[in-house]
Amino acid sequence: MEIATQYQPQDVENKWYAFWLEHNLFASKPDGRKPFSIVIPPPNVTGVLHMGHMLNNTIQDILVRRARMLGFNAVWVPGTDHASIATEAKVVNFLKEQGIDKRDLTREEFLKYAWEWKEKYGGIILKQLRKLGASCDWNRTKFTMDPELSEGVIDVFVDLYNKGKIYRGVRMVNWDPKALTAVSDEEVVYQEVQSKLYYVRYKIEDSDNEYITIATTRPETILGDTAICMHPEDERYMHLKGKRAIVPIVNRSVPLIFDEYVEREFGTGALKVTPAHDINDYNLGQKYKLQTINIFNDNGTLNEAAQFLVGMDRFEARKAIIPLLEEAGALVKIEDYVNKVGYSERTHEVIEPKLSMQWFCNMEALAKPALEVVMNDTIKFYPDKFKNTYAHWMENVKDWCISRQLWWGHRIPAYYLPNNEFVVAKNIEEAFAIAKEKYPELNLQISDLKQDEDVLDTWFSSWLWPMSVFDGVRNPDNEEIKYYYPTATLITAPDIIFFWVARMIMAGLEYRGEVPFRHVYFKGTVRDKLHRKMSKQLGNSPDPLMLIDKFGADGVRLGMLLSSPAGNDLLFDEALCEQGRNFSNKIWNAFRLVKGWAVDGSLEQPEHCALAVKWFKMKFNEALKEIEDHFLKYRLSDALMTVYKLMWDDFCSWFLEMVKPAYQHPIDAKTYNDIIDIFDNLMKLLHPFMPFITEELWHGLRDRGENESIMLQTMPKYDPALSDEDFLSRFGEMQRVVESIRRVRSEKNIAQKNPVELCVLKPQGDSKMDSIIYKLCNVSEIKYVSEKQPQAFTFIEQNIEYFIPFGQNVNTEEEADKLKKELEYAEKFLQSVMKKLSNEKFVNGAPENIVALERKKQSDAEEKIRILKEQLARL
RNA sequence: GGGAGCAUAGCUCAGCUGGUUUAGAGCACCUGCCUUACAAGCAGGGGGUCACAAGUUCGAAUCUUGUUGUUCCCACCA
């Protein structure tokens, strides 16, 4: 059989993914087994795969594939999120490119375009996930605006409204003047910007020439000022109590108020108050019953109320107002200033605080039990440091603004009546029925009801995701939700802990009385190796599909995971994928080697092979224990590294070299079958990490049936009965002897093809272990001697002297130097041990076994020193 | 401004309730090898006063306190 020397992943990966789909191996239905479910954090329907998704979904796939092989009925539910702001913005831009303005469209027309756009471009990301090997049950693919999911969202809204948890009210909200919608506090990102601080003086009313100077970063809002505020204990302004000032340009008389909110040290200690356009000013306005003058239109231009610069954009107005202030003699000075400005996360537009009528969800009652389940570890966070962050937010939770002034999303099921009242109901018919009963005097027609124009915040559907994908909101007693809920593990990023994780917990407890997941694994941010976030502007974000093309999906999966402890950032470097690819190739070649051997059934199994098999099985078993422990703690990188070393070092470098038959010689059947068994188990162990190559090689190892897959095999399990400490330690000693012989060969330039003799200063040895030394080291003879050997390279293992005689060629000086170094080391070591042992307090105070250990160290070191000194003397 | 985390080899990280030699891994690096599975490889090697200081202890990378540096979260002083 011809097998290429280099592994070519492309064909293999496509072949097996198609095979898995064809045989429906990702599909799951409730049955008698224990469930293991994961719901995908739904990516934006318009999104394309980036490195963050790669990491996140690799982790999910590993957990799901492993669970399947551990005998769970595992399901991974895929889907996408409608992402109202992001998607609507994309559709608006798309239409603009075609010369269509959203404002010229009706809601229905726009939504028709949006759906068309979604059908055409949406869900690309799910196709891309297949390249990664994601074992999602694709038949279950959900979209947050699917009819049944939407129905659930509306049900929840109506229910919370009826419970009094949802209310409508005027509040200061974060307004995005580009998207023309309110956004939640969590969707605002603050950035430091270089700006200016303007000092402006206001004339004191009824005074000759008295002024008060304030400092502001937003002079254009002067047009909406309705007060000046100072600290009540500020000596400089005491005399102004009870007076009024004149706002420049508009010449409005406003009161001077005093409140402790003002920071005396900042600026002049006097603050202009614009209740309509600043959250703090708004609070002052409420407290002192100030007039509120809204000078902005929704798109951020100045309106009639401003009187001046009407129609101008807020940033233009900020410049244009300067000459007006100068003209009025009000501008005192301008300073450079660095301040923080809030931007909309989605549109990157500067947020404008705005008073508006919005819908809110009261969080207090929902938050309480949700905090508790995390604090008492009903839900476990990995790493658990995020409990702090979570607790802090939950304890200070504020009401959630859930309305968005958009069209793409779940429309709020509130229906307004001609008398300005409204009713909340699942649909217009129900609303009509309620309204008729409530207001018989209105003689209502159904056409009198006008539905609220706003849609719900995207997270108001996402928070139901672990329930809604199993239709558990609409239909809470169905078999699926009862079987799969709660899900096993949520894999997500810490930056959406409040947006999403916290709210899913609230919704789960509210609607099922049960947590939505047992564990939450927080992955880190994927950054480049210079610790910068991946971004389009920097161009430091590699295209995942190109990486897969270059290194294979298995290689990339490994690359993602090689350095990614939970909660730590992943510093991505293509070199990691290269390492993954190299590992694929290593496995591939191990396979080539094994498959290249001829098997001779008549041969006896040699001693060294029997021993090697015994050793590897034990080693494998030890590794299983370690790996199981790592998985329990979600230390996936460590689990992977354990498998990696088991495969590369123990299996390839040691085991295969030990059992490898001489060139063009056949191997005995017993050993061969053991090797195939071992290889088989290694593939199973590796499969969750590298699904493709393991499936390929698993099929290559033995004749498999047409429908067989490694996915359906049982994961090997740690067996405590198999471990034999004594054997492993004797084997380890032998390995160290082998390494020492190699070191001598390397240092003395003795080629592997030249056989050497090994003399051991010891009455007798372990012939079994010796058989391996013969096999690995090209040793012509191992002699047990009672005399030290002259003219030989020497080394010491476990205080036994070994000699490799080499005639006259020994450079005594060099050997002596080496021995001196070793001696020096041993003496220093002995000193440190003696320091401890000569300390009476240590000998009396420390536990016996620790002291005994130190005494053992002492005698070992003394013995070694004695041997070294003898050797030196002989030289 | 408030809070949390981190600081161990060139890089990324392990190191569990203090004691298994004088602190480990992977990558990178250096030396020698195209040896018959793999140069995407093999064999060998070098590299760290565990951020700093003090304390607790017979004993500290590990516990306490302080200092410095760094990251993240929350708040949002015009």
Side-chain angles (χ1 to χ4, degrees), chain A residues 3 5-7 185 188 190 197-198 214-218 221 229 261-263 265-268 270-274 278-281 337 339-342 383 385-389 392-393 396 494-495 497-498 525 529 531 551 555 562-565 567-571 573 575-576 578-579 581-597 633 635 637-638 641-642 644-645 652-653 656-657 660 662-664 739 742-747 749 751-753 825 828-833 836 839-847 849-851 853-854 856-858 860-861:
Chain A
I3 312 177
T5 62
Q6 288 197 348
Y7 175 55
D185 291 345
V188 180
Y190 288 88
L197 193 58
Y198 303 83
I214 57 89
T216 180
T217 53
R218 301 198 59 191
T221 62
C229 186
Y261 161 74
V262 177
E263 202 73 49
E265 287 71 33
F266 189 89
T268 60
L271 167 76
K272 73 182 205 60
V273 183
T274 323
D278 184 281
I279 179 68
N280 299 300
D281 292 11
Y337 181 66
N339 70 336
K340 280 187 172 179
V341 176
K385 64 177 175 184
F386 289 109
K387 274 169 84 170
N388 287 331
T389 319
H392 187 259
W393 191 74
N396 300 289
D495 51 344
I497 189 168
F498 311 131
T525 311
K529 54 184 167 177
H531 294 238
F551 301 108
L562 273 167
S563 174
S564 179
N568 273 24
D569 287 353
L570 167 79
L571 303 181
D573 188 345
L576 291 168
E578 202 177 318
Q579 194 184 343
R581 178 201 60 180
N582 293 354
F583 185 51
S584 307
N585 197 47
K586 183 74 187 176
I587 302 167
W588 176 256
N589 275 290
F591 174 78
R592 275 182 66 215
L593 175 68
V594 171
K595 292 306 277 188
W597 291 332
K633 295 171 182 156
R635 301 171 67 142
S637 293
D638 292 336
M641 189 44 69
T642 307
Y644 180 91
K645 286 196 280 191
C652 294
S653 297
L656 288 182
E657 292 300 330
K660 189 182 195 172
Y663 184 53
Q664 291 195 332
E739 279 164 348
R742 285 173 177 168
R743 193 179 317 117
V744 170
R745 277 185 181 278
S746 171
E747 278 170 7
N749 278 321
Q752 176 69 19
K753 63 184 173 196
Y825 182 90
K828 266 195 182 167
F829 175 63
L830 180 63
Q831 265 175 28
S832 77
V833 174
K836 277 191 196 173
N839 182 343
E840 252 178 69
K841 285 180 184 168
F842 170 72
V843 179
N844 298 330
N849 59 327
I850 299 295
V851 179
L853 200 71
E854 290 301 314
K856 173 87 164 62
K857 284 184 201 169
Q858 180 198 352
D860 284 356

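Throughout, a chain's letter reflects where its sequence line sits, starting with A, and its residues are numbered from 1. Just so it is clear, the structure is predicted and the values come from calculations on it, not from any experiment.
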Contact class for [X] vs. all strands (heavy atom < 4.0 Å): base, sugar-phosphate, or nothing?
{"X": "Lys660(A)", "answer": "base"}
{"X": "Ile850(A)", "answer": "base"}
{"X": "Tyr644(A)", "answer": "sugar-phosphate"}
{"X": "Gln6(A)", "answer": "base"}
{"X": "Cys229(A)", "answer": "nothing"}
{"X": "Asn585(A)", "answer": "base"}
{"X": "Glu739(A)", "answer": "sugar-phosphate"}

Pairwise [atom1] distance, [M] and [N] [rounded to whole Å]:
{"N": "rC6(B)", "M": "rG44(B)", "atom1": "P", "value": "37 Å"}
{"N": "rU8(B)", "M": "rG55(B)", "atom1": "P", "value": "24 Å"}
{"N": "rG32(B)", "M": "rC16(B)", "atom1": "P", "value": "40 Å"}
{"N": "rU12(B)", "M": "rA28(B)", "atom1": "C1'", "value": "11 Å"}
{"N": "rA39(B)", "M": "rA51(B)", "atom1": "C1'", "value": "40 Å"}
{"N": "rC73(B)", "M": "rA54(B)", "atom1": "P", "value": "36 Å"}
{"N": "rC72(B)", "M": "rC33(B)", "atom1": "C1'", "value": "48 Å"}
{"N": "rU64(B)", "M": "rG24(B)", "atom1": "C1'", "value": "27 Å"}

With respect to the phosphate group of [N], does any side-chain polar atom (N or O) of [X] fall under 4.0 Å of OP1 or OP2?
{"X": "Asn582(A)", "N": "rG41(B)", "value": "yes"}
{"X": "Arg745(A)", "N": "rG44(B)", "value": "no"}
{"X": "Lys385(A)", "N": "rC6(B)", "value": "no"}

Can you name the closest pair of heavy atoms from [X] and [Y] and give their distance?
{"X": "Ala751(A)", "Y": "Arg745(A)", "answer": "O-NH1, 2.5 Å"}
{"X": "Pro494(A)", "Y": "Phe386(A)", "answer": "CB-CE2, 3.4 Å"}
{"X": "Thr268(A)", "Y": "Ala215(A)", "answer": "OG1-N, 4.1 Å"}
{"X": "Leu571(A)", "Y": "Lys529(A)", "answer": "CB-CA, 4.3 Å"}
{"X": "Met641(A)", "Y": "Leu562(A)", "answer": "CE-CD2, 3.8 Å"}
{"X": "Thr216(A)", "Y": "Arg218(A)", "answer": "OG1-N, 3.0 Å"}

Completion exercise
Stem ranges of RNA chain B by first residue number, counting only runs of at least 3 Watson-Crick or G-U pairs under 3.5 Å, come to B:1-7 with B:68-74, B:10-13 with B:24-27, B:29-33 with B:41-45, B:51-55 with B:63-67
Minimum-distance nucleotide (side-chain atoms of [X] versus [options]):
{"X": "Lys586(A)", "options": "rG32(B), rG41(B), rU22(B)", "answer": "rG41(B)"}
{"X": "Arg635(A)", "options": "rA14(B), rU12(B), rA4(B)", "answer": "rA14(B)"}
{"X": "Ala590(A)", "options": "rA43(B), rA37(B), rU22(B)", "answer": "rA37(B)"}
{"X": "Arg743(A)", "options": "rA43(B), rG45(B), rU22(B)", "answer": "rG45(B)"}

Atom-pair distance ([atom1] on [X]; [atom2] on [N]), nearest Å:
{"X": "Leu656(A)", "N": "rU35(B)", "atom1": "CG", "atom2": "C1'", "result": "16 Å"}
{"X": "Asn589(A)", "N": "rU36(B)", "atom1": "CG", "atom2": "P", "result": "13 Å"}
{"X": "Leu562(A)", "N": "rC11(B)", "atom1": "CG", "atom2": "P", "result": "19 Å"}
{"X": "Asp860(A)", "N": "rU22(B)", "atom1": "CG", "atom2": "P", "result": "13 Å"}
{"X": "Lys529(A)", "N": "rG10(B)", "atom1": "NZ", "atom2": "C1'", "result": "13 Å"}

Practice task
Any chance you could lay out the side chain to side chain contact (heavy atoms under 4.5 Å, CB included) test for Ile850(A) and Phe842(A), step after step, and finish with the verdict?
Solution key: CA-CA 10 Å; Ile850(A) 299 295; Phe842(A) 170 72; 4.0 Å; yes
Handout entry: Asp278(A) side chain vs Thr274(A) backbone, donor-acceptor pair below 3.5 Å
Key = no
Exercise for the section: Run the salt-bridge test on Glu657(A) and Lys660(A) with the 4.0 Å N-O cut-off and return the result as yes or no. Expected result: yes
Handout entry: Beyond-backbone contact of Glu854(A) with Val843(A), side-chain heavy atoms, under 4.5 angstrom
Key = no
Problem - Donor/acceptor link under 3.5 angstrom from Arg581(A) side chain onto base of rA40(B) - result: yes
Exercise for the section: Establish whether the base of rA37(B) is bridged to the side chain of Glu657(A) by a donor-acceptor pair shorter than 3.5 Å. Expected result: yes
Practice task
For the residue pair Phe498(A) and Trp393(A), categorise the inter-ring angle as parallel (less than 30°), tilted (30 to 60°) or perpendicular (more than 60°).
Solution key: parallel
Fill in the blank from the handout: So CG of Leu576(A) and CG of Leu570(A): to nearest 0.5 Å the spacing works out to 7.0 Å
Completion exercise
Quick tally for nucleotides 68-78 of chain B: nucleotides whose base has a protein heavy atom under 4.0 Å get B, sugar-phosphate-only ones S, the rest -, giving -----SSBBBB
